[in-house]
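Per chain, numbering begins at 1; letters A, B, ... match sequence-line order.
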Amino acid sequence: MSKSIPTREENYSEWYNEIVKRADLAEHSAVRGCMVIKPYGFAIWEKMQRALDDMFKATGHQNAYFPLFVPKSYLELEEEHAEGFAKECAVVTHYRLKSNPDGKGLIVDENAELEEPLVVRPTSETVIWNSYKNWIQSWRDLPVLINQWANVVRWEMRTRLFLRTSEFLWQEGHTAHATEQEAVEETEQMLRVYADFVENWMAVPVLQGLKTASERFAGAEETYCIEALMQDGKALQAGTSHFLGQNFAKSFDVKFVNKNNEQEYPWATSWGVSTRLMGALIMAHSDDKGLVLPPKLAPIQVVIVPIFRSEEDLAKINEKIEPITNALAEKGISFKVDDDDKYKPGYKFAEYELKGVPVRLAIGLRDLENGTVEVARRDTLSKETMPLDGVADHIESLMSEIQTSLYDRAQAFQKANTTSVETWDEFKAAIEKGGFVVAHWDGTDETETKIKEETKATIRLIPLNSAEMMGKCVYSGNDSPRQVVFARAY
RNA sequence: CGGGGUGUAGCGCAGCCUGGUAGCGCGCACCGUUCGGGACGGUGAGGUCGGAGGUUCAAAUCCUCUCACCCCGACCA
């Protein structure tokens, strides 16, 4: 194992790949486009899941589970949805193998073809609405507020660990409401939940807004999104929340009887975030020494490295460590004492920096004499020696300080890399430089496409609640009612 | 799917051009000395050379096919 990883400056994507590998987050599997999430990486995902799940429950949702397989005929029912996902579906056509009569191994049993092919879910709107048909009859059955944690498959041409894999883990919320207004409110509420999570747990600031028609989820009336800015100046869609109108209700013939005994189609939403958030987390905070994790999502918040020569030294040091770990445990702060004698302290320091552990304590014989301990912060790489007394309290406040500091740093970066432009030349220069570019757009697909072709920049979002501000489209010069946010994106 | 590249020990690589007993560094195991920013010495284990087929007395090396991964594009959370 070489000591250093490429710097962000040298090669950003290689830096990213190395962090994922070296911090033990994930690795490529033998299956094309799929990844193995390793225990340390999965521990972070589990923390994300826990926080999000609590937030979903707090907003009245319940978890359920729907099948992995979607009958092809279901997928076909909502036309735009079908068209949007058709190109990337894995399809199951047979249900049995048999031994190869011409040699060794197994072959598909041609006598075991399914009457109807099953699609491995790229998303679950269709199976779920097929169930909702039975669940929803009266206005009293509404709203239906369901979430599921699941894996989905989208057969991607080019994959990157966490950012885009053929199979990925996510949650998908699927709700049904009696009125359009209620569904829109749900859509917006869940977007705020996502923004809250990403900002307050991941310490990554996001922009919130609406997607343009071309970027909209297949089958949605409106797609809301949160967008985060990565350190290389590219945008990353971190979560989406869709207002689905009555499209799926109509396609699956789901109706309810309202208070006036009239048949109505319910209004739908769906919303999701995925293991892609892991990519956002990595790219938002990490540095050339490795991963940097916000305390709220770090599997190990504090690592304690005793510095010792003999077993006797270690025993003496452990006497001092024990009160600290007891106090940390009481405060609910996770820790690890690494007294492995195989590696030297310097090696351990580098290793835990690579893994992004927010705080490191080092304590040796010198400290025993002085009644001190060395406290190091991963985010600033700063160290201080402080008295043993009160160190747990200090760590507790460090946790929130680091959490806040990471957010502030990311927000300052976002601010510094958001440019407002008026002219096409300014626009091209700003896109080339990277970051979010705020500009007027005439609202046409044609202009959006032209801009994408010429600069590779896409409209990341139309900011929510932005005041009308007349101007001229940066590309066409036509009238534009408001500014939108452009960027090159992942 | 197009263009470029890479597959040889757990990891990183040399060897291939010019066919002839498979090597180096790191890691791993054991022993000793070390231990406050990636320690050192000694001994040792570990490889159907990505896979299949072909040429040849002989293939990591030459030929064909195939699979996987990486980088750059088109598609996408």
Side-chain angles (χ1 to χ4, degrees), chain A residues 1-6 11-14 16-18 21-22 27-35 84-89 103-105 122-123 151-172 194 211 214-218 223 225-228 235-242 270-280 289-290 305-311 313-314 317 339-354 360-370 372-374 376 381 383 385 452-453 456 458 489-490:
Chain A
M1 192 192 285
S2 71
K3 282 179 187 170
S4 60
I5 54 182
N11 187 338
Y12 193 84
S13 50
E14 204 183 316
Y16 174 82
N17 289 335
E18 283 297 310
K21 263 185 269 177
R22 299 273 297 276
E27 62 189 23
H28 288 283
S29 75
V31 185
R32 173 197 275 273
C34 295
M35 66 178 163
F85 283 103
K87 300 181 295 295
E88 45 189 1
C89 286
K104 54 188 174 175
T123 179
N151 58 339
V152 285
V153 168
R154 296 180 188 174
W155 214 262
E156 299 290 349
M157 289 169 180
R158 198 175 150 198
T159 59
R160 296 195 64 190
L161 292 171
F162 291 119
L163 296 174
R164 176 163 300 107
T165 45
S166 290
E167 180 193 15
F168 57 94
L169 305 183
W170 78 346
Q171 60 65 220
E172 43 181 327
Y194 287 154
K211 283 295 186 196
S214 71
E215 299 269 333
R216 203 173 280 156
F217 176 77
T223 288
C225 66
I226 52 173
E227 292 278 331
L236 182 81
Q237 180 173 304
T240 49
S241 185
H242 314 291
S270 69
W271 28 274
V273 293
S274 70
T275 36
R276 178 178 241 206
L277 287 177
M278 294 285 293
K289 282 182 175 294
V305 180
I307 296 156
F308 60 99
R309 294 172 201 206
S310 63
E311 287 295 315
D313 291 350
L314 178 59
I317 292 167
D339 59 3
D340 193 333
D341 64 358
K342 196 173 116 179
Y343 298 105
K344 288 177 60 178
Y347 181 91
K348 294 179 186 176
F349 293 174
E351 194 61 24
Y352 291 109
E353 278 164 6
L354 192 52
R360 179 187 74 233
L361 300 187
I363 177 164
L365 294 182
R366 205 163 68 206
D367 292 302
L368 291 193
E369 281 173 26
N370 302 334
T372 56
V373 59
E374 183 189 86
L381 293 169
K383 296 191 282 199
T385 300
K452 186 177 177 183
E453 281 170 4
K456 290 176 191 145
T458 49
Y490 277 99

A:Y490/A:F162 aromatic ring centres below 6.0 Å: no
Who pairs with [N] - Watson-Crick or G-U, where each distance is under 3.5 Å:
N     : answer
B:U6  : B:A68
B:C28 : B:G44
B:A39 : B:U33
B:G73 : B:C1
B:C62 : B:G54
B:G19 : none

Polar contact flag, side-chain donor to acceptor under 3.5 angstrom, A:T223-A:H242: yes
Taking only the [atom1] atom of each, what is the distance from [N] to [M] in whole angstrom?
N     : M     : atom1 : value
B:G47 : B:A14 : C1'   : 15 Å
B:A60 : B:U55 : P     : 16 Å
B:G2  : B:A77 : C1'   : 24 Å
B:G51 : B:G46 : C1'   : 22 Å

Between [atom2] of [N] and [atom1] of [X], the distance in whole Å:
X      : N     : atom1 : atom2 : result
A:E374 : B:G37 : CD    : C1'   : 9 Å
A:E14  : B:C71 : CD    : C1'   : 9 Å
A:M157 : B:C72 : CE    : P     : 17 Å
A:K383 : B:G37 : NZ    : P     : 7 Å
A:M35  : B:A77 : CE    : P     : 16 Å
A:K21  : B:C69 : NZ    : C1'   : 9 Å
A:D341 : B:A29 : CG    : C1'   : 14 Å
A:E215 : B:C75 : CD    : P     : 10 Å

Side-chain heavy-atom pair A:L169, A:V152 within 4.5 angstrom cut-off: no
Heavy-atom side-chain contact between A:E156 and A:T165 under 4.5 Å: no
Taking only Lys NZ, Arg NE, NH1 and NH2, and the carboxylate oxygens of Asp or Glu, determine whether [X] and [Y] approach each other closer than 4.0 Å.
X      : Y      : result
A:K348 : A:E351 : no
A:R360 : A:E353 : yes
A:K211 : A:E227 : yes

Looking only at side-chain atoms of [X], point me to the closest of [options].
X      : options             : answer
A:K456 : B:G38, B:C75, B:A74 : B:A74
A:H28  : B:A77, B:G38, B:C70 : B:C70
A:S13  : B:C72, B:G38, B:G36 : B:C72
A:K289 : B:G37, B:A74, B:G36 : B:G37
A:K452 : B:C75, B:G38, B:A77 : B:C75
A:I307 : B:A74, B:C72, B:C35 : B:C35
A:R158 : B:C75, B:G37, B:G73 : B:G73

Base, sugar-phosphate or nothing for [X]? Non-hydrogen atoms, less than 4.0 Å.
X      : result
A:L163 : base
A:T240 : nothing
A:T165 : base
A:G279 : nothing
A:E227 : nothing

On the nucleotide [N], are OP1 or OP2 found under 4.0 Å from the side-chain N or O atoms that [X] carries?
X      : N     : value
A:K344 : B:A39 : yes
A:R366 : B:G36 : no
A:R160 : B:C70 : no
A:N17  : B:C71 : yes
A:Y343 : B:C28 : yes
A:K87  : B:C1  : no
A:K342 : B:A29 : yes

Base B:G36 to side chain A:R309, donor-acceptor N/O within 3.5 Å cut-off: no
Check: A:E353 side chain, B:G37 base, donor-acceptor under 3.5 Å: yes
Most 5' of A:W170 and A:C34 on RNA chain B, judged by nearest nucleotide: A:C34
5' precedence on RNA chain B between A:A489 and A:F308 (nearest-nucleotide basis): A:F308
Check: A:T123 main-chain N/O paired with A:E172 side-chain donor or acceptor under 3.5 Å: no
